[in-house]
Structure formats: C-alpha cells, structure tokens
Protein chains: 2
Amino acid sequence: MARPRTFDEAGALDAAMRVFWANGYEATSTHDLCVATGLGRSSIYNTFQSKHELYRRALAHYIDTMTTRQLTLLDDAERSPLERLRALFADVVQQEVEVRRGGRSLGCLVVNATVEQSGRDPEAAGMLERDLARRLAALRTVLAAGQRSGEVTSQQDPEALARFVTAVIGGIRVSGQGGAEPASLESIAQTALAALVA
Amino acid sequence: MARPRTFDEAGALDAAMRVFWANGYEATSTHDLCVATGLGRSSIYNTFQSKHELYRRALAHYIDTMTTRQLTLLDDAERSPLERLRALFADVVQQEVEVRRGGRSLGCLVVNATVEQSGRDPEAAGMLERDLARRLAALRTVLAAGQRSGEVTSQQDPEALARFVTAVIGGIRVSGQGGAEPASLESIAQTALAALVA
DNA sequence: CACATTATGAACCGTTCGGTTCAATACGAG
DNA sequence: CTCGTATTGAACCGAACGGTTCATAATGTG
C-alpha cells in the first residue's frame with residue numbers, strides 16, 4: 001500500500017474546532033490551524049481541502065457534539081419535562097463556566113458562527129438553520145409535554161416558548177463572553193425557568 | 001489657512017460603523033471602508049489613524065447612539081417602570097426588524113463586538129464592559145422602582161433581573177441574525193416581560 | 001527486497017492585507 | 001496674489017494571507 005498517516009484526523013478536527021471557537025473564522029489563519037493541529041500545511045490541505053471546508057467540518061463536529069448532548073437531556077424519559085429543561089439550562093451554564101479563559105467564556109461556536117458567518121456564508125447559515133430547527137423541535141416536544149402535565153405555563157404556545165428558551169440560552173452565552181460571573185449566568189437561567197412554570 | 005475637507009467626518013464614521021456592523025472587524029478591509037465612506041485611503045488614515053482606531057470610534061459611536069436611546073426609554077418619568085421595560089423590548093424588536101437584510105437581521109454591533117472581539121481586543125472589551133455597566137445600572141433602577149410599586153416580581157433582586165433582561169435582549173439579537181421572524185422576536189420579548197411582572 | 005502509493009515539510013505562488021509616501025491640488029489668511 | 005498648510009489620490013511597501021508544487025521519506029504488498 002502506501003505511507004500511513006501519523007496523525008489522528010478526528011483529533012485534528014477537534015483541535016481546529018477549538019481554534020475557530022476561540023478566534024472565529026476570519027481571525028484564524030491557516031498557520032494557526034497548523035500550530036493547533038500539529039500538522040503541516042500539506043497534510044491539512046490533503047485532508048480537509050481548504051480552510052473553508054475545514055471550518056464547515058469543525059462546525060458540523062461542534063453541532064454534532066453539542067446538539068446530541070442537549071437532545072439527550074431533553075429526551076430523558078426518567079425526568080419530568082420541567083426537570084429536563086432545568087437540566088438543559090444547568091448544562092449550558094456549566095459549559096460556559098468550563099470554557100472560561102481569562103475571565104471570559106468562549107461562548108458557543110453555534111452562536112459565534114451565527115453572529116460572524118450566517119449573513120456571509122450561506123453554507124454555514126444552512127447548517128445553523130437546520131441545527132436550530134432540530135433544537136426547536138425537541139424543545140417544542142418537551143414544552144408541550146410539560147403543558148399537558150400542567151408543569152409548564154400554557155400562556156404561550158410551545159413554539160413561542162421554545163424560541164424563548166433558545167434566545168435565553170444564546171443570551172447566557174453572550175453574557176458569558178461579556179465576562180458575567182457564573183452566579184449571574186445561573187440567575188439568568190433561574191429567571192428563565194421561573195417564567196416557564198405554570 | 002489650508003485646504004479644507006470635502007467630506008463630513010461624522011458621516012464617514014457612521015458609514016464605517018455600518019460596515020463593521022454588517023461584516024465584523026476582521027472581515028472588513030480598508031478597501032471596504034474606502035468604498036463605504038467614499039474616502040480615499042489617505043483621507044481615512046489622516047482622519048482616523050488606523051483601521052483599529054476607526055473601529056474603536058465606530059463602536060463608541062454605536063454605543064453612544066444605542067445606549068443613549070435605551071437609557072432615555074428607561075428614564076422616561078411619564079411611564080411606569082413596567083411600561084418602560086415594555087418600551088425597551090419593543091424598541092429592540094423594532095430595531096432588529098429594521099436592519100433586516102436578506103431575511104436576517106444584522107443584530108447589534110455591541111453583541112457582535114462582544115462575540116468577535118471581547119476575548120481578543122482588550123480596548124474593545126473595556127468599552128463593552130463600561131457600556132454594559134451603564135445599561136445594567138439603568139435596568140436595576142427601573143426594576144427596583146417596579147418592585148417598590150409592586151409591578152415587578154420580587155422573586156429575584158434587581159441585579160439578577162437586570163442580567164436576565166440583558167441576556168434576553170442579546171438572545172433576541174442573535175435570534176434575529178439567525179433568521180427568526182419578527183413575530184418570533186415579539187413573542188420572546190413578551191415571554192420575558194411576563195416573567196418580570198409580579 | 002523492490003515497487004506503488006501516500007504523507008510530509010519546505011519552498012514557492014499570486015493576491016490582498018494594513019499602512020505609508022509623495023507629488024499634485026486646493027484653499028484661506030496675509 | 002502669494003504663501004503656507006492641509007487634503008487628496010495614486011503609487012508604493014513589506015508582510016501575511018490562502019493555497020499549490022514538488023522532492024523526499026515512509027510504508028504494506030507482492
């Protein structure tokens with residue numbers, strides 16, 4: 001056969017994802033990607049075709065990890081709908097605290113990409129739209145279940161409440177990037193949750 | 001004396017602000033700034049020193065316009081605290097609808113700068129921190145007044161509620177950039193407001 | 001052990017970047 | 001009218017950009 005790779009493609013993708021997450025697309029140079037992944041330029045271009053394609057795959061990798069995790073929380077049949085929502089908020093806050101560097105969080109790559117790229121890169125915009133649709137659908141389901149069981153307010157329909165939850169989560173992410181303390185993020189989540197109870 | 005300017009510095013600054021708002025800092029080239037302002041390179045560098053300094057001034061200009069407008073709404077002695085908060089949310093939603101291009105909003109330059117620059121540009125981070133502090137202070141005041149008059153829930157202290165309002169506004173902005181319909185943004189604001197009433 | 005095949009790093013490519021220089025120009029004060 | 005000053009656009013600068021080329025090195029297979 002031929003000479004085998006000496007690096008792990010999945011590991012390189014994960015490293016690239018973290019660079020895009022921390023710096024955004026435009027501020028990340030191909031040199032940055034080489035340093036972060038430990039690969040040479042030709043290995044990167046051999047494996048991922050272009051910076052843009054690597055970004056696409058990094059974003060897909062992030063979405064896959066993050067949304068899978070959140071949908072798992074929202075589908076947890078062991079908990080009541082409200083408990084699942086509480087778990088979702090707790091997960092978001094915890095994650096914001098975990099990715100803190102120098103007093104600020106890195107936020108969420110999905111939010112960062114929405115802000116930086118959705119108006120400029122139709123391909124990224126499409127990925128973000130499909131991801132949002134999945135998350136909204138899962139939220140609508142759990143919110144509707146909560147309304148049926150009487151735990152969740154019926155003052156608005158599940159679609160509106162799902163949009164609200166999504167917006168608050170995005171707001172928590174931006175607040176974390178703005179330097180808000182973990183306790184502040186928790187209180188935001190708590191206020192949002194209180195708004196959802198019947 | 002000497003040869004006078006043929007352009008309006010304030011107008012050029014406003015045009016530059018819109019480019020940074022739409023494209024972000026990194027994706028905006030000095031050529032883009034020349035086209036948007038109608039100035040030549042030397043005029044831009046004569047007047048604003050550098051791309052970074054022009055960004056700083058553009059961000060300051062945005063903050064000045066936006067926060068002044070919001071603080072005016074929050075300080076309106078003619079309205080009750082809750083009505084002021086309602087007016088603030090309405091203003092945010094209306095603005096998101098107004099700056100829609102190609103089905104998505106441009107969001108808010110303050111949010112965009114927080115996401116793109118706060119972890120990378122300490123000067124921008126400082127401006128954003130000071131602006132956030134001003135907005136939080138105004139919100140605390142009106143929320144505390146609402147609690148005294150019984151309009152606003154006392155389940156959380158004014159600081160926590162102010163953080164919540166700020167987060168939801170940021171979330172509305174990101175949702176607008178993600179392509180949410182105006183009606184969705186309105187329902188988010190409505191849900192947030194409902195969470196604030198006693 | 002030799003071959004076919006792939007990975008790799010260094011050197012290279014044209015372009016664009018942010019920024020500067022400079023000669024030509026335009027104007028108000030004297 | 002002239003002089004000094006400031007503005008302007010075009011030409012220019014070195015550096016960094018994303019991306020390619022290519023000679024070299026490394027390997028499983030026959």
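Every chain is numbered from 1, with letters handed out A, B, ... down the list of sequences.
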Rounded distance (Å) that lies between atom [atom2] of [N] and atom [atom1] of [X]:
| X | N | atom1 | atom2 | value |
| --- | --- | --- | --- | --- |
| A/L39 | C/dT8 | CG | P | 7 Å |
| A/R5 | C/dT8 | CZ | C1' | 11 Å |
| B/F48 | C/dG18 | CZ | P | 16 Å |
| A/E9 | C/dA7 | CD | C1' | 13 Å |
| A/Y45 | C/dC12 | OH | P | 19 Å |
| A/K51 | C/dT15 | NZ | P | 19 Å |
| B/H31 | D/dC17 | NE2 | P | 21 Å |
| B/E26 | D/dA16 | CD | C1' | 13 Å |

Looking just at side-chain N and O atoms, do [X] and [Y] make a donor-acceptor pair shorter than 3.5 Å?
| X | Y | result |
| --- | --- | --- |
| A/D32 | A/S29 | yes |
| B/S175 | A/R163 | no |
| A/S105 | A/E96 | yes |

Next on the checklist: One thing to verify: whether B/E83 and B/R86 come together as a salt bridge, which I'm taking to mean a side-chain N less than 4.0 angstrom from a carboxylate O.
Outcome noted: no

Checklist entry - Which part of the nucleic acid, if any, lies within contact of B/T47, taking any heavy atom under 4.0 Å across all strands shown: a base, the sugar-phosphate backbone alone, or nothing? => result nothing

Checklist entry - Do the side-chain N or O atoms of B/S42 get closer than 4.0 angstrom to the phosphate oxygens (OP1, OP2) of D/dT7? => result no

Item to check | side-chain N/O A/S43 vs C/dA7 OP1/OP2, d < 4.0 Å | outcome: no

Checklist entry - Can you say whether the rings of A/Y25 and A/F20 are parallel (under 30°), tilted (30 to 60°) or perpendicular (over 60°)? => result parallel

Item to check | Side-chain donor/acceptor of A/R41 to base of D/dG19, under 3.5 Å | outcome: yes

Checklist outcome for this item: Comparing nearest nucleotides in DNA chain C, the 5'-proximal residue of the pair B/S50, B/T6 is B/S50

Item to check | A/T30 side chain, from C-beta outward: closest of D/dA11, C/dT8, D/dG18 | outcome: D/dG18

